[in-house]
Q: 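Submitted below is the structure of interest, expressed as C-alpha cells.
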Amino acid sequence: MQQYSSLPEQNSSVDKTPTLLTTMQQLRAELWLERSLNQLQSRLNDCLLSVCSHVSQSRTTEAEIFQTVVNEIGIALNSITVAIALFQPQEKITQVCYVSASSSPCPQRIFLEQQNKNLQLKLQAVIAVADLQQLERQQPNHVRCLTDHTGAVIGWLMISQMPLNSEDKSLIAAQFQLRSQLLTRAIKQFVGTLAQLKKIQSLQQHSQQLGSSNEKLERTNELKNQFLANTSHEIRTPLSSIIGFSQLLLAQGYDPTRQNQQEYLKIIQSSGKHLLTLINDILDLSKIEANQLEVEWENIDVPEICRNVLALVKEKAANKGLQLRLKLDPDVTTLVADPLRLKQMLLNLLFNALKFTKTGTVGLEVLPQGRFIHFIVWDTGIGISPENQARLFQPYFQIANTVVNRNEGTGLGLTVTRKLVEIHGGWLEVGSEVDHGSRFTIILPVQPVGESGKSEEDVEPIEVSRQVGNQGDQEAKSPNITSNSALDILLVENDLPNAELIRIYLSTLGYQVTWVKNAAEMWSALTQLNPIVILMDIYLPDGNGLKLAQQLRQEAQYQMIPVIVQTAMAMKGDRETCLASGVNDYISKPIDLPLLGNLIAKYIKIPKSGNEAK
C-alpha cells in the first residue's frame, strides 16, 4: 500500500493548487460531456420507442430525431444556436430545416473567413455546399458533415460562433476540444439511431406486407373453399335429377307410359339448362378476366328483348306467387349491344330479385336518359344491408338468403353482370334498404341505328299468378298421408324433381313414400306415421337436416328410426360431419338409386325387391 507523509513539504499546498483546480475542472467537463450525451441518447431512444408503438408515425419520427439532436446539443452548449441543413444533391445546395429550440430568437451566424461573409442559421436559409465544405476545413470547426450508415451524405450540422468568456487560452482550447468531442460523439449517436430507425421501419414494412399477404391468402383460400362448396352443391342438385331420371328411364323392367316419359324428359332438360347456366357463369368470368370474351355487336330491339326476358322468368315468379311488371318508355327503341349478353345481364338481376323476394312484386323498367338507357330491375324483397352492398360484387360472395334459408348459385352472377356492363361501356348501380326491396340499374350507352321516331306503347303490367295444376301448386300442397304400412318411408326434401325421382324409384321397390318439403311438415307427418326409415335432406326452408336429426334423437319415440341423409354436401369431411350429428348413414347427390335401395334394405332388414333398377 502506498504510504503518504503526515507532514506536507513546505509550500506544498500552494504548489499543488493549480493542479487540483485543473483536475476538478477536467472532472466537471467530463461529467458535463457524459451527462449531455446520455441525455441525447435517452431522447433518441424515446423517438425509437414511439416508432415501435405507432407504425403510422415512422416518417414523422425521422424528423423528430433531427430536431432532438439540434435541441439537445443546443442545450448542452448553453443555448448556442445549432442547425441542420439537408443536402439537395441535384442543386448542389443545402437548406436549413432544423434549428435548436433553445437558441436566441435573433438569427445566429457562422463567419466564412475565405469569402468574408456570414451564413445565417435560420429556417429555410439556403447555403451552398461549397461554402459548408470550406467551413468544415476552417478552424475552429463549427460545421460537421452528416452521413448515414452507408456513408451517403445527408446534410451538415452547424453551430453558431460565440466567444468563450475566458482569458486563459489553454482553457479556451480545452473547451473547444470538449465541444469537438461532444459533436463527434453526438453525430455518432445520431447516425446509429437513424440506422436503427431504418431497420425498425424495414421490419415493420415486412411485417405489414407479410400480414397483408397472409390475410390475402386466407381470404383467397376462404373464397376458394366457399366457391367449391357452393358450386359442388349447386351442380350436384340438377345432376341428381338428370342422372336419376335417366336411370329410371333406362332401368330394365320399367315400363312408364308415354306421358310420364315426357314429364321426366322435361325435368332432365330443365335440370340440364340449370347446370349449363352455372357452368357458363364460371366460364364467362374466366374469359372476362383473361380478356378473351367475344362480344357480338348488333342492333337490338329493346322492347322485344325485355318481353323475352320476362317470359323466361314467368314460371319461377308464378311458383312463388309473385307479380311481374314491365314498363317501357315509348322513346326507347334500339341500342347497339350483344343481345345474348344483354339478356344474360337482365336475367341475372331478375333471378336474383325473385330469389330474395318472398311476397310482392318484381319489375323491369326501361328509361332513356340522354345518351344512355337505364334498365332498372326492382323488387319488394328483403333488401341488402350497407355492409353487404360494399361486398356485393366480390367474386363468390353470397348474401345469406333468409327467404329460402340457403344459398343458391355460385356467387358469380353479379360479378359477371357488372363486368359485362363495363364491357358495353356502361356501369351498374345498386340502391337498397333492408326490408324495403332493392333496385339494380344497368346503364348502357345508346348508339342509335335505323329510323328515328319509332316508339313502343307502354306495356301493361304483367300479372303472374299461380296456375292450377302447375309445379308450384305441387310444392305448396300439404303432404297427403294415406298409408301406414310396414314399408312406409318419410322423405324430407325441398327440391321437387329430386323428391319425385326418389318417390317413383322407391315405389317400384314396393315402398310407400310420404314426401314432405320442410321441418314443420316432417313433425306433422310423424304424428300420423311410423316410418321404417327417414330420408333427410340437409338444406330445408325452415331448418337444417342435421339439427333435425339431433332433435329426433332426443325424442324417445323417434330414437330408433334410421335416418339417412341425402345431400349435395360432398366435400372432404362432409360425410363425417353428417354422421357425427347422429344420422345412421349418408348418400351424396347425384343420388345413385340402386345404392339408395341397398341402404334402405340394410336398415329395415328385408330382402330387396326383384324389380330394383340395375
Side-chain angles (χ1 to χ4, degrees), residues 32-91 93-108 110 119-127 129 132 136 142-160 179-209 211:
W32 164 82
L33 179 63
E34 295 301 326
R35 183 173 64 250
S36 300
L37 292 170
N38 288 339
Q39 180 70 12
L40 173 60
Q41 190 61 63
S42 176
R43 295 289 186 266
L44 292 175
N45 290 341
D46 290 342
C47 293
L48 292 176
L49 287 174
S50 72
V51 181
C52 298
S53 303
H54 305 90
V55 176
S56 61
Q57 296 182 0
S58 295
R59 292 182 179 178
T60 305
T61 303
E62 184 171 314
E64 291 175 356
I65 290 173
F66 281 94
Q67 190 62 52
T68 298
V69 169
V70 295
N71 286 346
E72 292 302 318
I73 295 177
I75 293 172
L77 296 178
N78 296 322
S79 300
I80 288 179
T81 299
V82 181
I84 291 179
L86 297 183
F87 185 32
Q88 312 292 325
Q90 294 180 349
E91 302 177 16
I93 61 172
T94 65
Q95 184 174 34
V96 177
C97 298
Y98 304 95
V99 177
S100 55
S102 61
S103 61
S104 169
C106 298
Q108 302 298 311
I110 300 179
L119 304 180
Q120 288 192 339
L121 302 186
K122 66 177 182 177
L123 287 174
Q124 307 304 319
V126 175
I127 304 175
V129 171
L132 291 174
E136 282 187 88
H142 296 279
V143 173
R144 298 291 182 94
C145 183
L146 300 177
T147 59
D148 62 16
H149 65 287
T150 66
V153 176
I154 301 172
W156 279 263
L157 175 70
M158 302 171 286
I159 62 174
S160 61
R179 288 185 181 182
S180 179
Q181 291 182 29
L182 174 68
L183 295 180
T184 300
R185 293 175 61 181
I187 290 173
K188 185 176 180 180
Q189 290 179 342
F190 163 73
V191 173
T193 302
L194 279 185
Q196 292 182 56
L197 174 65
K198 298 296 182 184
K199 289 182 181 179
I200 294 172
Q201 290 174 333
S202 177
L203 289 172
Q204 288 175 338
Q205 185 178 7
H206 179 70
S207 177
Q208 289 174 343
Q209 291 175 347

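Note that the structure is predicted; figures quoted are calculated from it, not measured.
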Q: Rounded to the nearest 0.5 Å, how far apart are OG of Ser42 and CD of Gln189?
A: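 Ser42 atom OG to Gln189 atom CD measures 10.5 Å (nearest 0.5 Å).
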
Q: Once you measure the plane-to-plane angle for Phe66 and Phe190, does it fall in the parallel (<30°), tilted (30-60°) or perpendicular (>60°) bin?
A: perpendicular

Q: Within the structure provided, determine whether Leu157 and Ile73 are in side-chain contact (heavy-atom separation under 4.5 Å).
A: yes

Q: Let me see the working for Ile154 and Leu194 under side-chain contact (heavy atoms from CB on, under 4.5 Å), right down to the final yes or no.
A: CA-CA 11 Å; Ile154 301 172; Leu194 279 185; 3.7 Å; yes

Q: How long is the straight-line distance from OG1 of Thr68 back to CD of Gln41, given to the nearest 0.5 Å?
A: 11.0 Å

Q: Once you round to the nearest 0.5 Å, how far does CD1 of Ile127 lie from CD1 of Ile93?
A: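 Answer rounded to 0.5 Å: 10.5 Å.
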
Q: What salt bridge (Lys or Arg N to Asp or Glu O under 4.0 Å) pairs are there with at least one residue in residues 184-205, not counting sequence neighbours?
A: Glu34-Arg185, Glu62-Lys198

Q: Kindly give the heavy-atom pair with the smallest separation between His142 and Ser160, and that separation in Å.
A: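 Shortest heavy-atom contact: ND1-O, 4.0 Å.
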
Q: Minimum heavy-atom separation for Leu48 to Ile200, with atom names?
A: CD2-CD1, 4.1 Å

Q: Is there a side-chain contact between Val191 and Leu146 (heavy atoms, below 4.5 Å)?
A: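 Not in contact.
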
Q: Sort out for me which residue in Val143, Thr81, Ile84 forms a side chain to side chain contact (heavy atoms under 4.5 Å, CB included) with Met158.
A: Val143

Q: Nearest 0.5 Å, what's the SG-CG distance between Cys97 and Leu86?
A: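 Result: 4.0 Å between the selected atoms.
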
Q: Indicate the atoms forming the closest heavy-atom contact of Leu197 with Ile65, along with that distance.
A: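 Looking at all heavy atoms of both residues, the shortest contact is CD2-CD1, 3.8 Å.
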
Q: To the nearest 0.5 angstrom, please state how far the CG atom of Leu77 sits from the CD1 atom of Ile159.
A: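 Going from the CG atom of Leu77 to the CD1 atom of Ile159 covers 5.5 Å.
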
Q: How many angstroms lie between atom CD of Gln67 and atom SG of Cys47, to the nearest 0.5 angstrom?
A: 10.0 Å

Q: If you compare all heavy atoms of Ile80 against all heavy atoms of Ser100, which two are closest, and at what distance to 0.1 Å?
A: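 Heavy atoms only, the tightest pair is O-OG, 3.8 Å.
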
Q: Considering all heavy atoms of both residues, which atom of Ala101 and which atom of Asn71 are nearest to each other, and what is their separation?
A: N-OD1, 2.7 Å

Q: If every non-hydrogen atom of Leu121 is compared with every non-hydrogen atom of Ala83, which pair is closest and at what distance?
A: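 Result for this residue pair: CB-CB, 4.4 Å.
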
Q: Any sub-3.5 Å donor-acceptor pair from Trp32's side-chain atoms to Ala76's backbone N or O?
A: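 At least one qualifying donor-acceptor pair exists.
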
Q: Can you pull out every salt bridge (Lys or Arg N to Asp or Glu O under 4.0 Å) where at least one residue sits in residues 67-81? Sequence neighbours excluded, please.
A: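 For residues 67-81: Arg43-Glu72.
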
